[in-house]
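To start, the structure itself, in structure tokens.
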Amino acid sequence: MIKRLLETDKKLVLKFAVSLFLTILFTFVLVGVTSYAASTESSATVSTGDADTNSDPAQQAGDYLQDSPSEVVGRDPGSSVLQEVIGVDASQPLEIVILLTLIALLPSMLIMMTCFARIVIVLGFLRSAMQTQNTPPNMVLTGLALFLTVFIMAPVIGEINEIAYQPYANEQIDTKEALERASVPLKRFMLKQTTNDDLEFFIGLAKEDIPEGGLSDEYKENDLSLTVIIPSFMIGELKRAFQMGFMIFLPFLIIDIVVGSTLMSMGMMMLPPAMISMPFKILVFVLADGWNLMIGSIVSSYNL
């Protein structure tokens with residue numbers, strides 16, 4: 001199979017090999033730089049400690065433990081945000097690998113935990129139903145979906161900023177508590193868009209017990225974990241996006257049927273119906289103020 005691939009598409013194999021080599025080289029360079037920086041910082045810390053000990057003979061070993069916890073944390077070269085969250089020392093190369101992994105996965109996680117997926121799928125269905133091929137282009141649809149996501153998620157983002165980010169920026173809470181506070185508005189938003197059937201489905205897959213009184217609002221907000229809420233929300237978003245896509249296709253399908261029947265009755269079977277129906281679809285969409293109807297339907301579907 002590899003031999004056949006080399007014979008058919010050598011450029012693809014060469015690009016893959018170069019990308020893999022550069023990725024491995026970049027990882028080793030980062031690990032080397034981090035190790036060198038950690039060793040340099042450790043030696044500087046040791047030399048500074050020796051100088052302080054020599055300058056103050058009355059100070060005994062262990063006296064720094066009497067300082068405030070904030071000063072002790074501030075002197076620790078291994079303390080970091082990731083150390084507070086997952087307990088990994090900042091001087092270890094493993095933290096760089098974890099950080100790169102989080103950076104790679106964070107956009108996908110944020111996209112699937114917001115309303116971005118539903119919006120971009122519905123806009124894709126609209127373009128397919130109108131048969132305009134690459135018009136509007138993918139960049140325009142993605143940008144529109146992104147700004148609509150910011151518009152819809154603005155109350156949630158504002159609440160996260162008020163209860164989590166501002167206290168964390170003012171050093172009133174630590175990183176772990178800030179993440180816990182930030183997850184509450186996001187969880188509440190996802191639960192509003194998730195049905196109990198989807199939640200029960202994933203609770204059953206996780207082999208967890210459903211309370212006797214059913215899925216009450218208090219149980220879903222306080223006891224239900226994000227590992228169940230997030231996939232339930234994602235499945236619900238896909239269902240609603242496909243339902244809206246079906247409703248979008250209906251009027252354009254009627255136009256296709258009328259145009260196709262007309263061409264058949266006129267004996268013009270060699271003329272592609274899509275070539276004739278596409279201008280009528282664009283005309284109907286513009287006359288009906290389709291963009292405002294589409295955006296208004298998407299925003300109102302979230303019951304904000």
If we only count heavy atoms from C-beta on, is the L226 to S183 side-chain gap below 4.5 Å?
-> yes
With the side chain counted from C-beta on, respond yes when L250 and I254 share a heavy-atom pair under 4.5 Å apart, and no when they do not.
-> no
If you round to the nearest 0.5 Å, how far is [atom2] of [Y] from [atom1] of [X]?
| X | Y | atom1 | atom2 | answer |
| --- | --- | --- | --- | --- |
| I163 | I173 | CD1 | CD1 | 8.5 Å |
| L293 | W291 | CG | CH2 | 11.5 Å |
| M130 | T135 | CE | OG1 | 9.5 Å |
| K239 | T194 | NZ | OG1 | 10.5 Å |

Ignoring hydrogens and geometry, is there a side-chain-to-backbone donor-acceptor pair from [X] to [Y] under 3.5 Å?
| X | Y | value |
| --- | --- | --- |
| D174 | E177 | yes |
| K220 | N196 | no |
| T114 | I111 | yes |
| N161 | I157 | no |
| R181 | I160 | no |
| S265 | T262 | yes |

Evaluate the ring planes of F189 and Y302, with Trp represented by its six-membered ring, and classify them as parallel (under 30°), tilted (30 to 60°) or perpendicular (over 60°).
->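 F189 vs Y302 ring planes: parallel.
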So among R240, Q193, R118, which one has a side-chain hydrogen bond (donor to acceptor under 3.5 Å, both in side chains) with S301?
-> R118
Assert yes or no for the condition that the ring centre distance of F242 to F125 is strictly below 6.0 Å.
->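 Here the rings of F125 and F242 have centres that are less than 6.0 Å from each other.
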Decide whether L238 and M234 are clustered together by the hydrophobic rule: side chain heavy atoms of Ile, Leu, Val, Met, Phe, Trp, Tyr closer than 4.5 Å, transitively.
->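 In one cluster: yes.
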